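What you see is a predicted model, and the numbers here were worked out from it, not measured in a lab. Every chain is numbered from 1, with letters handed out A, B, ... down the list of sequences.
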Number of protein chains: 2
Amino acid sequence: MSNYQEKWLEDLLQLTEDTGKKTEKQIRILEAATEIFSQKGYEATSTSEIAQKAGVAEGTIFRHYKTKRDLLLSIAGPILVKLAAPFLLRDFVKLMELPYEKADDFFRALAKDRFKFARENTKIIKILIHEVPFQPELMGQIKRLSSDIVFNRIEKVVEHFQEAGQLVSAPPWRIMRTGASLVIGMILTHLFIAPDFPIDEDEEIDLAIDLLMNGIGNRSM
Amino acid sequence: MSNYQEKWLEDLLQLTEDTGKKTEKQIRILEAATEIFSQKGYEATSTSEIAQKAGVAEGTIFRHYKTKRDLLLSIAGPILVKLAAPFLLRDFVKLMELPYEKADDFFRALAKDRFKFARENTKIIKILIHEVPFQPELMGQIKRLSSDIVFNRIEKVVEHFQEAGQLVSAPPWRIMRTGASLVIGMILTHLFIAPDFPIDEDEEIDLAIDLLMNGIGNRSM
DNA sequence: ATTAAAAGTGAGTGCTCACTCATTTTATTG
DNA sequence: CAATAAAATGAGTGAGCACTCACTTTTAAT
């Protein structure tokens, strides 16, 4: 039954499940590292600082993680997979086609789900944004996940809605980039640029999706 | 005649003009630093590496720049002002209202101009993206420039086009964020994510602005 | 041609960094 | 409660870092 073409994908997903039992101190190390990495950046953070914040001897860090970079990757790696998780489901396309008759509803559901995820993982996402361009491992994983999986699968959904006459006829990648830009722009605004600006999150998403579907031009013209 | 409320702004603009004559070696230092900072990140770059690449003794760097951070700021600071330059013109609003009768044309002209600028300054923009969150000076300058100047001025333009019935009636900041997200998303895509993907830049911008104005929904419904 | 200032040099300095390892503490198991 | 393994420790280490400074070379002005 299993599709061996996507074996590596299953491996990735399994990695995410907290298989290895972690010591209490190991967890404290991960928490401290996440905190400081997100505040000062990976390169500007020293292992001694992490050890101090975690209440742990410096040697303990290196008992669990061979290098400082190892520690970074064991924080940033799993979140990448979780970030793409909704698109990794074997039957993503079927799942999405059925419940959503309207394209709006599909994009809205996706935006709400990923906004929630981003809000719950703000610190790690900041680390990710900062470090991905300089860590080839992360870059490679992102490219594989996004272009091979996420892109192809959403492309099918877009084409489906185009055939149903709900979306303008343009290259799917352009429609996807438009949607992604708007949603990511909205999420980054509220998480990093203006985190204190009070909003009704659901309403915010509804309005953003409305502008995505209908544009900013006056519709009565 | 001069508006003293915007004195600091004039100071900023003057700083950008290459007032101080630079030695040949000083220029080489700036070029080398820009190159390596953008490749490896500021913290991961050593001054000795910069000196080597610039073909200069390490001490020479510190004759011109008190600290390594000073060197970074003298690269990243001026670009911030240039990035916001089109909006800094005293009579930005008047200038923009007159030649552009249609909102499309205004956004299109702005997008083209800033795309061109970004393409000519790719490396420094990468440094900027990477370092702004961790350098309070840059963060402060960005906030002052964007919220006090850029935001207020584009807000007036948006309101103008709203009154002319060309833009949907929504809070101007939401319209601005939508436009900014789309244009920035397009620029980042072509400069960093898929730089080898061949495009007709003008056509690309036209199509992006079309999606911004009219949305991705089917218009014949 | 003289002289003073500015630009450039590179060996040297103290410090911090990531990482190691011999040793001690804690957990596990029959 | 031994016996053994696993986890944790922290002083120690060499390498590399940003930065200094006494000195030399270049430039500019008279």
Collect all protein-nucleotide pairs involving nucleotides 25-30 of chain D in which both atoms are nitrogen or oxygen and the distance is under 3.5 Å.
none

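- Cation-pi check for Lys68(B) over Tyr42(B) is met; the charged atom lies under 6.0 angstrom from the ring centroid and within 45 degrees of its normal.
- Looking at Arg28(A) and Glu24(A), a side-chain N of the basic residue comes within less than 4.0 Å of a carboxylate O on the acidic one, giving a salt bridge.
- Atom CG in Leu72(B) sits about 12 Å away from atom P in dC19(D), given to the nearest Å.
- The CG atom of Asp70(B) sits 14 Å away from the P atom of dA18(D) (whole-angstrom rounding).
- The side chain of Phe62(B) lies closest to dT20(D), out of dC17(D), dC17(C), dT20(D).
- Among the nucleotides dC19(C), dC17(D), dC19(D), the one closest to any side-chain atom of Ser46(B) is dC17(D).
- Atom CD in Gln52(B) sits about 16 Å away from atom C1' in dT9(C), given to the nearest Å.
- An OP1 or OP2 oxygen of dA18(C) is reached within less than 4.0 angstrom by a side-chain nitrogen or oxygen of Thr47(A).
- Counting non-hydrogen atoms of other residues, nucleotides and ligands closer than 6.0 Å to NZ of Lys123(A) gives a total of 12 or fewer.
- Atom NZ in Lys40(B) sits roughly 12 Å away from atom C1' in dG16(D) (whole-Å rounding).
- What separates CD1 of Ile36(B) from P of dC17(D) is a distance of 12 Å, to the nearest Å.
- With no hydrogens or angles considered, a side-chain donor-acceptor pair links Gln39(B) and Glu35(B) at under 3.5 Å.
- A side-chain N or O of Glu58(B) and one of Thr47(B) form a donor-acceptor pair less than 3.5 Å apart.
- Rounded to whole Å, the distance from NZ on Lys66(A) to P on dC21(C) is 14 Å.
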Could you go over nucleotides 6-9 of chain D and give all protein N or O partners under 3.5 Å, atom names and distances?
{"unit_1": "dA8(D)", "atom_1": "OP2", "unit_2": "His64(A)", "atom_2": "NE2", "d": "2.7"}
{"unit_1": "dA8(D)", "atom_1": "O3'", "unit_2": "Lys25(A)", "atom_2": "NZ", "d": "3.4"}
{"unit_1": "dA8(D)", "atom_1": "N7", "unit_2": "Arg63(A)", "atom_2": "NE", "d": "3.1"}
{"unit_1": "dT9(D)", "atom_1": "OP1", "unit_2": "Lys25(A)", "atom_2": "NZ", "d": "2.8"}
{"unit_1": "dT9(D)", "atom_1": "OP2", "unit_2": "Ala57(A)", "atom_2": "N", "d": "2.9"}
{"unit_1": "dT9(D)", "atom_1": "OP2", "unit_2": "Thr60(A)", "atom_2": "OG1", "d": "2.5"}

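- The existence of a salt bridge linking Asp148(B) and Arg153(B) is excluded, since no basic side-chain nitrogen approaches an acidic carboxylate oxygen closer than 4.0 Å.
- Between the OG atom in Ser74(B) and the CZ atom in Arg69(B) there is a gap of 12.5 Å [rounded to 0.5 Å].
- Note: NZ (Lys21(B)) to P (dA6(C)) measures 14 Å, nearest angstrom.
- Between Ile50(A) atom CD1 and dA18(C) atom P the separation is 8 Å, expressed in whole Å.
- Aromatic rings from His130(B) and Phe134(A) are positioned such that their centres are separated by under 6.0 Å.
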Checklist entry - For Asp105(A) and Arg108(A), what are the C-alpha separation, side-chain angles and deciding distance, and is it a salt bridge (charged side-chain N to carboxylate O under 4.0 Å, His left out)? => result CA-CA 5 Å; Asp105(A) 296 331; Arg108(A) 195 175 296 114; 2.9 Å; yes
